[in-house]
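Position 1 is the first residue of the sequence, and the numbers go up from there.
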Amino acid sequence: MKTIKRIVFTGGPCSGKTTFMSRAEEIFAERGYRVIVDHESATDLISGGISPATMGMVQFQKYCIALQLKKEELCYQAAQEIEGEKVLIFIDRGIHDDKGYVSEEDFKNILEQFSMKEEDINKRYDLVMHMVTSAKGQEEAYTLSNNAARYESIEDAQKVDDMILDSWKDHPNRVIVNNDVDFEKKLRRAIQAVFAYLGDEKPIEVFKKYLVELNDEVLEKVKGEKNISCVHILQHYLKSTPPMEKRIRRREKDGNTLYYYSEATMLTANKRIKRDRIISERQYIDYSLEIDPQLKMIDKERYGFIYNNHFFKLDVFSFDKSKALLSVQVPTENEKIIVPDYFRIIKDVTDNPDYKNYYLAKSQKF
């Protein structure tokens, strides 16, 4: 029986929503879910020349809600028709978000034009994930650069976050993901919360990585594992100035292609902020003009599978198919890992920077 869940991601500006949804598509797909992403309607409008500055905030919110309703309707229809029994619709801001930008009376009047009441809004969404803006507690990470439609100062972002918190206070299933940990852990918390709501096994926070021997026999055994998925990944690094690292990624699975843009900024020697977003093919082509010629393309097949209740990823690189990188998620650093017995481990490379994608793009060898 098909299940469809509509999950809203909300929060103040620069909270990590866009990065989460670009990563989540891959994470949940590897575990058998179909994912539909409904991008933020306000950003769509502002990027297209329709903004509060051109028509006033109240009129802008009318347009925003009209677009949101239509997009949500189309996403739900597509979810009913798409292949797969488990479908997730990730919605970048729900209708209650609009309440944070107008008065109570104006919001009520806007809803009346769509024959809606506030109590109707909560029924539209199964889960609300509030990701607190980085302007609260991670001010050094707050930026306007990754969203052309963003204009709020740190103080404004804090106020918007507070207003949105209040707007969604009556939703029966709301999770608040704050900034008392670094950005990567914050994203993992959000992913865990979604899995917990779905009643599925939570993703694990710690990775172990091994260099293993590979041959045709081993690869055939991998392809015979449960819940096997295969993704072809092409990854380029772009010209950038430290501490910034930029890359683009093309991901192909089951005849479908997604394009990603990522930025990573080192804040300290051991702390970085990484932002990902899904981009169009046209944007991917434009970014390709900025490829760093000193770094080779990463071309790999990624196999995801479950073995002994642990989720493994096997990355097979085009430059050397006699070896591969095997990663596994574990609950704690000390948990004993049972690797499938058909793998011969050459060495543990968990903390070895030479086996990160960036350095493999330099060396093209293990």
Does the salt bridge (charged side-chain N to carboxylate O under 4.0 Å, His left out) test come out yes or no for Glu213 and Lys323, once each step is laid out?
CA-CA 4 Å; Glu213 289 186 356; Lys323 306 179 189 70; over 6 Å; no
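- Sorted by first and then second residue, the ring pair (Phe, Tyr, Trp, His ring centres under 6.0 Å) pairs with a member in residues 10-51 read Phe9-Phe20, Phe20-Phe90, Phe28-Tyr33, Phe28-Phe90, Phe28-Phe195; sequence neighbours excluded.
- For the pair Arg250 and Glu252, the salt-bridge criterion is met [side-chain N within less than 4.0 Å of a carboxylate O].
- Residues forming a side chain to side chain donor-acceptor pair (under 3.5 Å) with Lys221 (at least two apart in sequence, or on another chain): none.
- Listed by chain and residue number, Phe317, Phe319 satisfy the ring-ring contact (aromatic ring centres under 6.0 Å, His included) test with Phe366 (two or more places apart in sequence, or in another chain).
- When all heavy atoms are compared, the tightest approach of Ala193 to Val175 is CB-CG1, 4.0 Å.
- Tyr342 is linked by a ring-ring contact (aromatic ring centres under 6.0 Å, His included) to nothing, counting only residues two or more places apart in sequence or in another chain.
- By the side chain to side chain donor-acceptor pair (under 3.5 Å) test, Tyr303 is found to be paired with no residue, residues two or more places apart in sequence or in another chain being considered.
- Every residue meeting the side-chain contact (heavy atoms from CB on, under 4.5 Å) condition with Ala79, not counting sequence neighbours, appears here in chain and number order: Ile4, Ile36, Val87, Ile89.
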Using distance only, find each side-chain donor-acceptor pair of residues 285-292 under 3.5 Å and give its atom names and separation, not counting sequence neighbours.
| from | atom 1 | to | atom 2 | distance (Å) |
| --- | --- | --- | --- | --- |
| Asp286 | OD1 | Arg282 | NE | 3.4 |
| Asp286 | OD1 | Arg282 | NH2 | 3.1 |
| Tyr287 | OH | Arg277 | NH2 | 2.8 |
| Ser288 | OG | Tyr284 | O | 2.8 |
| Asp292 | OD1 | Gln294 | N | 3.0 |

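- With sequence neighbours excluded, the residues that form a ring-ring contact (aromatic ring centres under 6.0 Å, His included) with Phe312 are Phe305.
- A salt bridge between Lys71 and Asp44 is present, with a side-chain N of the basic residue lying under 4.0 Å from a carboxylate O of the acidic one.
- Judged as a ring-ring contact (aromatic ring centres under 6.0 Å, His included), and not counting sequence neighbours, the contacts of His96 are Trp168.
- Applying the side chain to side chain donor-acceptor pair (under 3.5 Å) test to Asn173 and every residue at least two apart in sequence or in another chain returns nothing.
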Exercise for the section: Assess whether salt bridge (charged side-chain N to carboxylate O under 4.0 Å, His left out) is satisfied between Glu263 and Arg247, documenting all intermediate values. Expected result: CA-CA 7 Å; Glu263 289 183 355; Arg247 74 182 188 190; over 6 Å; no
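- With sequence neighbours excluded, the residues that form a side-chain contact (heavy atoms from CB on, under 4.5 Å) with Ile110 are Val58, Gln61, Lys62, Ile65, Phe114.
- Applying the side chain to side chain donor-acceptor pair (under 3.5 Å) rule to Asp315 yields the partners Lys300, Arg302; only residues at least two apart in sequence or on another chain are considered.
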